[in-house]
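Within every chain, numbering begins at 1; the chains are lettered A, B, ... in the order of the sequence lines, protein sequences first and strands thereafter.
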Amino acid sequence: MIDLIFPDGTKREFEAGITGKAVAASIAISLAKRAVLVKLDGELLDVDRALERGGKFEILSRDAPEALETIRHDVSHILAEAVQELFPGTQVTIGPAIEDGFYYDFARDTPFSLDDLAAIEQRMKEIVDRDEPIVREVWSRDEAIAHFKSIGEIYKAEIIEGIPAGEDVTVYRQGQWKDLCRGPHLPSTKAAGKAFKLTKLAGAYWRGDHRNPMLQRIYGTAWASEADLAAHLHRLEEAEKRDHRKIGKAMDLFHMQEEAKGMIFWHPKGWTLYRTVEAYMRRRLDADGYVEVKAPQIMDREMWERSGHWQKFGKNMFTCETEEGESLAVKPMNCPGHVQIFNHGQKSYRDLPLRMAEFGACHRYEPSGALHGIFRVRAFTQDDAHIFCREDQIEEESTKFVRLLNSIYSDFNMHLDSVKLALRPEERFGTDAVWDVAEQKLDRAARQAVNMPVDPLPGEGAFYGPKLEFHLKDAIGRTWQCGTLQLDYVLPERLDAEYTAEDGSKQRPVMLHRAICGSMERFIGVMIENFAGAFPLWLSPVQVVVTTITSDADDFALKAAATLRARGLRVETDLRNEKINYKIREHSLAKVPVIAVIGRREAEEGKLALRRFGSDGQQILMLDEAANLLASEAQPPDVARQTAERVGEVQAG
RNA sequence: GCCGGAUUAGCUCAGCUGGUAGAGCAGCGGUUUUGUAAACCGAAGGUCACGGGUUCGAAUCCUGUAUCCGGCACCA
């Protein structure tokens, strides 16, 4: 006998080996009909699975949140069944549920076409209608290998070969079709429902390794209901409207062209945005005890060999030769330059921690397929800094850094979402002992500095040290990796950085590599998508458009614009001979935060009618009042905080 | 770099199975002096990404190249 504890706390005794469905039937026939999965001590099981042990027990219907992943997994199997029916000879490999959907990877010589997708989707719906029971079978490992080999499924056989000898495997059968799978699954293909859609085709390497053959991947999305599917598709459309490439073009921020692929031509408005962000970052760094430097863009290859970049990163570096036979390389990272500045002259323990910042323009030869808008480019600027410090200063510096990072993200209406710790990669410098220390130190520092779990990412560290990745979340819940904090014992050693300790001995500093935006270009891209182009006043490239209703108001409009500009506002005038409706519409579509309208009345009275983005209300103010108000609203958040503090002091005084 | 798709006017897009390119918006010229999300009229604008090929004839078919897009791999 086994004891099952139900969600309401009641405990009942059943025969061992009873199925979840039978348990449900013992409560209510309707419940048994709705049951598609059960949960035993947190583990999802098929509803027809014999229960051999007791525990916390729950019966799930297909609209339970836990069932969604299983629905997606089922749909991926239905996809595979449909594909093998329509395209005999195609081999199956793996097909997991993923966020919002699923995919399945097939081995096939001729790739699928977009037209095939419609036919496959049609067949999938037929399979759902067939209501094929999904049945779990336990096979011996060797039997399974022999079977899948016999039917030409060499990838499946290879997967099973990776399972330890002597272990049993499970095979799920639906109709004539079967697949090796861990499960669980819903009771029949009908239970998966038809709220799915095949979305894209892609190539994908077998086992994710580019040395392996490329498989044909079909992606799809699947939901518990048609309404959920529609909502998902709507979210995708909304996200597409925020695409920084689209907004960048529409708002005339930047462009890219063939002759400089992966590099950005910043237009005046885009560059204004860039400069605003850079000026803000510079103030924040200054206030937090950083010194700013500028190191050369190109250095002799020998320098990069000494730092190790040539060996570990050389394939990503742009190089050039001079007529005199020098071999030079364009910097892909700022660290070696900063160590040169550190090394110049003598450093004392009194100089530490030394926080050396640079808006460092880096060039990296990225694979062509990696390029993506202004997110992944070949020329970018890091808001980079290297903190040279003693080992016992690592934690304090990490905490200080995370505090700054949090404050900066929130000034851009975003927030820190998660932290990951990338551990030693295969290609690396330094002994295992050094890596042991570095990983532990950084892990401890991270835990102390952030109030959230730190997930490990094995093998993803930089060649010189482990790295923390800070992922931020934007307005529509998407996450982006921007900030990073890396601990490095290797470069100070290789480039011979040292300082004089209290006892007069020479010591090695450690380096903390850190960035908050990561790449300025990428961060601005994230920001564009976060605000969907509707920037807050302090960031907006054009803050105010002064526009007129009749040409009689032109003189006052020019005077008003000059007054606003004198207060540091970014102002454009629009005196075109167009109806005010037309001008309002155009500047609203351009997401200008403030439109200052001047008609004959305003011109006579020396007033502005302010209209804010997203509102059709008017605020009619005297020019000076409007200038005061807007100038104060346009203060960057850090400046506004300082102003508020000063006002507080004055009032307190 | 790999797999698939796309590339037509400044922008957004039509152009069916080959018969020699079209719209809206913007820009330009004129009329209109306008009160809070599109006034009216007119003229103009294109080696259909680029190079080969098939054909009497190619934006359309084939092929190569480039860039972009979606993935994979890589990554700030």
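- We find that CZ of A:Arg108 is positioned 12 Å from P of B:G4, with the value rounded to whole Å.
- Between A:His372 and A:His244, the ring-plane angle classifies as tilted under the 30° and 60° cut-offs.
- Base pairing in RNA chain B gives the following stems of 3 or more Watson-Crick or G-U pairs, range against range and under 3.5 Å: B:1-7 with B:66-72, B:10-13 with B:22-25, B:28-31 with B:39-42, B:49-53 with B:61-65.
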**OP:** Please assess A:Val592 against A:Phe535 for the test side-chain contact (heavy atoms from CB on, under 4.5 Å), listing each intermediate value before the final yes or no.
**Re:** CA-CA 8 Å; A:Val592 174; A:Phe535 301 108; over 6 Å; no

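- With the nearest nucleotide of RNA chain B identified for both A:Gln257 and A:Leu215, A:Leu215 has the one nearer the 5' end.
- Across all strands, A:Leu589 comes closer than 4.0 Å to base atoms (heavy-atom distances).
- Along RNA chain B, the nucleotide closest to A:Leu114 and the one closest to A:Ile549 are compared, and the more 5′ of them pairs with A:Leu114.
- For A:Asn581 and B:A37, the shortest distance from a side-chain N or O to OP1 or OP2 is below 4.0 Å.
- Taking atom P on both nucleotides, B:G35 is separated from B:C40 by 15 Å, rounded to a whole Å.
- Note: CG (A:Asp574) to P (B:A26) measures 13 Å, nearest angstrom.
- Separation of the A:His587 and A:Phe613 ring centroids does not fall under the 6.0 Å cut-off.
- Residue-level contact check: A:Ala609 touches the bases, meaning some heavy atom is under 4.0 Å from a base atom.
- To the nearest whole angstrom, the two P atoms, one in B:U60 and one in B:G52, are 14 Å apart.
- Of the C1' atoms belonging to B:G46 and B:G10, the separation is 12 Å, rounded to the nearest Å.
- If you look at A:Tyr409 and A:His415, their ring centroids are not closer than 6.0 Å.
- Using atom P as the reference point in both B:A58 and B:G18, the two lie 13 Å apart (nearest Å).
- Spacing between atom CG of A:Asp109 and atom P of B:G4 amounts to 12 Å, rounded to whole angstrom units.
- Ion pairing between A:Glu158 and A:Arg207 holds under the 4.0 Å rule for side-chain N and carboxylate O.
- Look at the C1' atom in both B:G24 and B:U65: the space between them is 34 Å, to the nearest Å.
- Aromatic ring centroids of A:Phe254 and A:Tyr274 lie 6.0 Å or more apart.
- With rounding to whole Å, A:Asp252 atom CG is found 21 Å from B:C25 atom P.
- In this structure, CD of A:Glu259 is placed 14 Å from P of B:C50, rounded to the nearest angstrom.
- Using a 4.0 Å heavy-atom distance criterion, A:Glu602 is classed as a base contact.
- Here the two rings, on A:Tyr104 and A:Phe102, have centers that are 6.0 Å apart or farther.
- Test A:Leu487, A:Asp383, A:Asp384 against A:Arg514 for side chain to side chain contact (heavy atoms under 4.5 Å, CB included) and you get one pass: A:Asp383.
- In the set B:G35, B:U33, B:C3, B:G35 carries the atom at the smallest distance from any side-chain atom of A:Ile580.
- Spacing between B:G45 and B:C11 at atom C1', rounded to whole Å, works out to 14 Å.
- The cationic group of A:Arg522 lies under 6.0 Å from the six-membered ring centre of A:Phe375 and within 45° of the ring axis, placing it in a cation-pi geometry.
- If you take CG of A:Asp552 and P of B:G35, they are 13 Å apart, rounded to a whole angstrom.
- Within a 6.0 Å radius of CD in A:Glu99, other residues, nucleotides and ligands contribute 12 heavy atoms or fewer.
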**OP:** If a protein heavy atom is under 4.0 Å from the base, mark B; if only from the sugar-phosphate, S; if neither, -; do that for nucleotides 68-76 of chain B going 5' to 3'.
**Re:** SSBBBBBBB

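- Look at A:Arg611 and you won't find any side-chain N or O under 4.0 angstrom from OP1 or OP2 of B:G35.
- Contacts of A:Lys583 with the nucleic acid, taken as non-hydrogen atoms under 4.0 Å apart, are absent.
- When the P atom is compared between B:C25 and B:C56, the two are found 43 Å apart, to the nearest whole Å.
- In this structure, A:Arg612 pairs ionically with A:Glu633, as a charged nitrogen and a carboxylate oxygen lie closer than 4.0 Å.
- A:Glu578 places its CD atom 10 Å from the P atom of B:C28, with the value rounded to the nearest Å.
- Taking atom NZ of residue A:Lys579 and atom P of nucleotide B:G35, one finds them 5 Å apart after rounding to whole Å.
- Rounded to whole Å, the separation between the P atoms of B:C75 and B:G19 comes to 50 Å.
- No engagement by A:Glu586 is indicated, since no non-hydrogen atom pair under 4.0 Å with the nucleic acid exists.
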